[in-house]
Amino acid sequence: MIAPLDFVGPISGILLGVGFGFVLENAGFGNPEILTGQLRFTNWAVFQTMFTAIVVSSILLNIAAYFGVISFSNIFIPSVLFWGTLLGGMFVGIGFAVGGYCPGTSVVALMSGRLDAILFIVGIGVGTLVFNAIYPMIGSWIYTQTGPDALTVPQLLHMPVWAVIALLAAVLIAVGYFVSRGKLTAGCQVSASVGVPSGVAVHHKQ
Amino acid sequence: MSQPRALWNPYVAGVALGTVLFLTFIATGHGLGVTGATTSITAVTTAAIAPGAISPHDYLAGYVRRGLDQWIVWEVLGVAIGGMAGAMLGRRFAKRIDGPPQASTPARLGLAISGGLVSGLGARFALGCTSGMGLSGSAPLGAAGFLFLIGFFVAGAAAGFILKPLWRRRSVT
């Protein structure tokens, strides 16, 4: 086993973070119109980018595991804390619709000049303090674990890993097909948002 | 002023994002994240501004003790640098107050801080945000990652539907 390399210092963090932020910005994920367009089903870039990333990293991790480069027992897989995970996802989704961003994209939005993102980030801090205040009342039930540690979808559905990845890829390809056929609205319909030179938010043509 | 460059195709962006995520697992054994850093920064800042506001038995006490020299804090600094580089190189950097076209500037700021609050609260419920739980939890096919994403998209789409009128485009003059 070669990896994980235990490369966890500042240089590792900054380099990988730069890659992450650079990709998010180039995907258009600093732009709240593109981001929230996914929730109104007028722009599928968020779904397409995220699901492609999940499928690609999943395939790469499995290849690396096959060749003995990494073992899944040495990488972090979150356990299901049912209510915490589900309600947390819902709150982050509502925050995304209301504020225009999720935590990561708000950082990219701020760095591309969007000053409203400062308030979103301040809001994250306030929400964190609210959680700190209510934690004694909710901590025990939201953090109750369901199922075994690091439960995976293949374990849950009793399916082989390749079948789960194939299923995800099939969903991704189907969405891509419908977007290209115009059955789902593609990202190219996003036009300039307020205060921006026209064409700023124009997405690629499908 | 020069035209902004086109954004990447979502599948190209997805392959790039998946590769960065894979390299992160190889380097560190875990994925990418963001709210681990915002939680540390909130805890340390609060403790510095208002000593005693976070008591030793609080949820945030451990974050205060661990301080800011964390991989994820450096990573978020990198996200900021990478995001700025992307915006600059893509000629997309523009100072503005963004938000729904139908919302006034104060309304946009109000929406931003309320959205951030709900998001920050939710990320502590889930022990991660869209990046740290949705993306990084789903990459090794963790059930928690997918459960998070289902909640995220279902509740997000419901809220997005309610707020849809705000996003109607202003007629072009």
Side-chain angles (χ1 to χ4, degrees), chain A residues 3-4 7-8 10 13-14 17-19 21-23 25-28 39 45 48-49 52-54 56-57 60 76-78 80 84-86 88-95 97-99 102-104 108 111-114 116 119-120 123-125 127-128 131-132 135 151-153 195 200 204, chain B residues 4 7-10 13-14 16-18 20-22 24 26-27 29-30 34 38 42 59-60 71 74-75 78-79 82-84 86-87 94-98 112-113 115-122 124-126 129-131 137-144 147-148 151-152 155-156 159-160:
Chain A
F7 186 31
V8 291
I14 291 173
V18 165
F22 189 74
V23 174
E25 202 288 328
N26 276 287
L39 301 177
Q48 289 172 310
T49 303
T52 304
I54 290 168
V56 166
S57 53
L60 291 174
F76 176 68
I77 303 174
V80 177
T85 309
L86 180 65
M90 293 176 73
F91 287 163
V92 177
I94 293 167
V98 172
C102 61
V108 174
M111 298 314 284
S112 59
R114 291 177 173 86
D116 52 301
L119 286 190
F120 189 93
I124 295 172
T128 306
F131 183 83
N132 185 60
Y135 177 72
L151 177 68
T152 66
V153 173
V200 140
H204 67 97
Chain B
L7 296 168
W8 292 354
N9 173 290
L17 183 54
V20 174
L21 183 55
F22 168 71
T24 306
I26 292 291
H30 56 72
V34 174
T38 56
T42 303
Y59 175 81
L60 289 178
W71 180 87
W74 296 109
E75 182 244 49
V79 169
M84 186 164 218
K95 233 200 273 178
R96 77 207 99 161
I97 291 173
D98 213 337
I113 197 162
L117 193 158
V118 179
S119 188
L121 182 63
R124 285 309 88 213
F125 269 70
C129 57
T130 329
S131 317
S138 298
L141 302 180
L147 178 64
F148 178 95
F152 176 81

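First the proteins, then the strands, lettered A, B, ... as listed; each starts at 1. Everything numeric here is computed off the predicted structure, so don't read it as measured data. Side chains included, hydrogens not; waters and symmetry mates left out as well; all remaining heavy atoms used.
When each of B:Gly160, B:Ala155, B:Ala143 is scored by its heavy-atom pairs under 4.5 Å with chain A, the top score falls to B:Ala143. Of the residues considered (B:Pro140, B:Ala27, B:Ala13, B:Gly120), B:Ala27 shows the highest number of contacts with chain A, using heavy-atom pairs under 4.5 Å. Across A:Gly125, A:Gly95, A:Ser112, the residue that shares the most heavy-atom pairs under 4.5 angstrom with chain B is A:Ser112. Interface check for chain B: of the options A:Cys102, A:Gly104, A:Gly19, A:Gly93, the most heavy-atom pairs under 4.5 Å are formed by A:Gly93. With chain A as partner, the option from B:Ile113, B:Thr130, B:Val79 having the largest number of non-hydrogen pairs under 4.5 angstrom is B:Val79. Note on A:Val56, A:Val108, A:Ile54: by heavy-atom pairs under 4.5 Å with chain B, the leading option is A:Ile54. Chosen from B:Thr24, B:Leu17, B:Leu147, B:Thr38, the residue pairing most often with chain A at heavy-atom distances under 4.5 Å is B:Leu147. Per-residue heavy-atom pair counts under 4.5 Å with chain B were compared for A:Asn26, A:Val18, A:Val92, and the maximum is reached by A:Asn26.
For the residue pair A:Met111 and B:Ala87, the shortest heavy atom distance occurs at O-CB, 4.3 Å.
Separating the CG atom in A:Asn132 from the CG atom in B:Leu121 is a distance of 11.5 Å, to the nearest 0.5 Å. Atom CH2 of residue B:Trp71 and atom NE2 of residue B:His30 lie 5.0 Å apart, to the nearest 0.5 angstrom.
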Intermediate values then yes/no, side chain to side chain contact (heavy atoms under 4.5 Å, CB included), B:Trp8 and A:Val23: CA-CA 9 Å; B:Trp8 292 354; A:Val23 174; 4.1 Å; yes

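Between the A:Asp116 side chain and the B:Ala112 main chain, no donor and acceptor come within less than 3.5 Å of each other.
No hydrogens or angles considered: a donor-acceptor pair under 3.5 Å links the side chains of B:Arg124 and B:Tyr59.
Within the 4.5 angstrom heavy-atom criterion, only side-chain atoms of B:Val34, from C-beta onward, approach chain A.
Classification of the B:Phe148-B:Phe152 ring pair by plane angle, with boundaries at 30° and 60°, yields parallel.
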